[in-house]
Amino acid sequence: MASIIDTKESKYIKACRGDNMKVPPVWLMRQAGRYLPEYRAVRQKHEFLEICNNPELACEVTLQPIRRFGFDAAILFSDILIPLVPMGANLTFGNGEGPRINPPFRSLAEIEKLRSVDPREDLGFVLESIRMIRRELPAEVALIGFCGAPFTLATYMVEGGKPNPFANIKALMYKDPRAFALLGDKLKNMVRIYLREMVDSGADAIQLFDTWAGTLHSSDFKTNVLPFVKEIFGDLRDLNVPMTYFVHNGSHLLRDIKETGCNVVSLDWRCSLSNARKIFGKEMALQGNLDPTVLLGDEKTIRKKVRGILDEAVGNGGFIFNLGHGILPMTPISSVEIMLDEIRGAK
Ligand code: CP3
């Protein structure tokens, strides 16, 4: 049983399955986060990892944006890097510096030492958060579980932090393909069982974040990313939940992304929805793709840009409105309200 509550009627799920709606479902990447005063209030008392590790706190912050904006989907509050901890990574989040993995994993010997993960045993708090959130959410709001894809997780493990300019991960890929493949394989195994357990615990859909795969040439994507991602989606197909794949900066990879076996493609703002539709056809749903910085603009601009996306996407296959990447911490609440008003046509 994938879900305790039947969310088949959720607008989000319907759009993922290809239904086209005049008013599309909407949620935002990083919708639970620092732009919300109620999130900042929780963060004043608790560290980020503490919130991720505590089901009550994770549940509370997951629900915050649903209560305030009535989004059509909730995304579990966690981070793609959390499952790397039981594999053996020393993960910290410095204030404002983003994640660090120290020491990084750069040699075959270091990679060989990585442990395999038993999600029930090692990540039980995440599965408990999912059960708790699903109980609290209205039935028509879908719950999205997620994981990082192997290449993006490998990037953090090898770089040790913000990947700039991807020298270490690419050096490993080009110099030591055996170590790179072993790391990819270990991560792939973790991702498959972790996502399966998330669905088993009540997630109605899953999203695989491959933020950094866009740094690769198509030929390297085909060799070093696609086989892992394809295997993950192939393995999870029997769960019969929508599976979304997100690549940041991936406009040059759309034809390769089509081969992954995902049901929904999450696009960043650099590619046009109508071009993407030509490539993906109507069998795949599209999600996206407002530039998050538009929400720092004035009301007229926000409405115009949102309308532009709707004009391109509505009436043309399954579509879920989202941003092209995470919402920025300095985004005014009023901008999100204007965006929703334009989508839902309240005026
Ligand atoms: O989207 C959501 O609301 C669900 C929760 C979520 C977070 N991170 C919470 C978070 C999800 C789905 C992620 C995914 C994630 N994490 C990705 C893939 C998507 C993307 O943004 O490209 C990546 C690459 C990460 C790694 C990560 N976590 C980075 C680079 C950072 C620092 C950047 C930043 O915004 O500070 C984080 C921290 C993080 N993850 C925060 C949140 C709400 C901010 C933590 C805080 O409150 O201080």
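Nothing here was measured: the structure is a model prediction, and the numbers come from that model. Computed over heavy atoms, backbone and side chain alike; hydrogens, waters and symmetry mates excluded. Counting starts at 1 for both ligands and their atoms, following the listed order.
Residues F246 and H325 bring their aromatic ring centres within 6.0 Å. A centroid separation of less than 6.0 Å is found between the aromatic rings of F77 and F48. For F209 and F146, the ring centers are positioned less than 6.0 Å apart.
Around NZ of K188, the count of heavy atoms belonging to other residues, nucleotides or ligands within 6.0 Å exceeds 12. In R255, the CZ atom is not crowded: 12 or fewer heavy atoms of neighbouring residues, nucleotides or ligands sit closer than 6.0 Å.
For ligand 1, residues of the protein lying within 4.0 angstrom by heavy-atom distance are M29, R30, Q31, A32, R34, Y39, R43, F48, I75, L76, F77, S78, D79, I80, F93, G98, P99, F146, Y156, F209, T211, H325.
The ring-ring contact (aromatic ring centres under 6.0 Å, His included) analysis of residues 113-143, with sequence neighbours excluded, yields no pairs.
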